[in-house]
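In this text, all values refer to a predicted model and were calculated from it rather than measured experimentally.
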Amino acid sequence: LYHMPPETRAILGLGDEYAAFDAQTGRRLVHPDDWARIDDGAARLIKGAVDRDETTYRFLSPTLGMLHVQTVNDAERDG
């Protein structure tokens, strides 16, 4: 499950029903043409090819319409 804090939900126009949601729900909230870019960034982080990924994508808010969102993900590795 993905957990989203209230402040982030407010920015994205999401109600309390999105406090925790599964990957399938998350995919419905992102423009389909942007998923390859998101998946690629996550794969590079997991494989250790990069320590940081910044991805911009179109978020499909049920109340605010299309938003352009940028995520920054940093990997924390053991050792």
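- In terms of heavy-atom proximity, Ile11 sits nearest to Leu67 at O-CD1, 4.1 Å.
- In this structure, the side chains of Leu12 and Leu29 stay at 4.5 Å or more apart for every pair of heavy atoms.
- No chain of hydrophobic side-chain contacts below 4.5 Å, direct or via other Ile, Leu, Val, Met, Phe, Trp or Tyr residues, connects Met4 to Leu60.
- Side-chain N or O atoms of Thr63 include one that pairs as donor or acceptor with a backbone N or O of Gly13 at under 3.5 Å.
- Judged as a salt bridge (Lys or Arg N to Asp or Glu O under 4.0 Å), the pairs with a partner in residues 15-24 (not counting sequence neighbours) are, in order, Arg9-Asp16.
- The structure places CZ of Arg27 at 8.0 Å from CD1 of Ile38, a figure rounded to the nearest 0.5 Å.
- Annotation: ring pair (Phe, Tyr, Trp, His ring centres under 6.0 Å) contacts involving residues 11-50, sequence neighbours excluded, comprise Tyr2-Phe21.
- With contacts defined as side-chain heavy-atom distances shorter than 4.5 Å, the pair Thr71/Glu54 does not qualify.
- The shortest side-chain heavy-atom distance between Phe59 and Leu14 falls under the 4.5 Å cut-off.
- Closest heavy-atom contact between Gly41 and Asp53: CA-OD1, 3.4 Å.
- Annotation: the span from Tyr57 atom OH to Gln70 atom CD amounts to 10.0 Å, rounded to 0.5 Å.
- Pairs passing the salt bridge (Lys or Arg N to Asp or Glu O under 4.0 Å) check and including a residue from residues 56-77, sequence neighbours excluded, read Asp34-Arg58, Asp51-Arg77, Arg52-Asp74.
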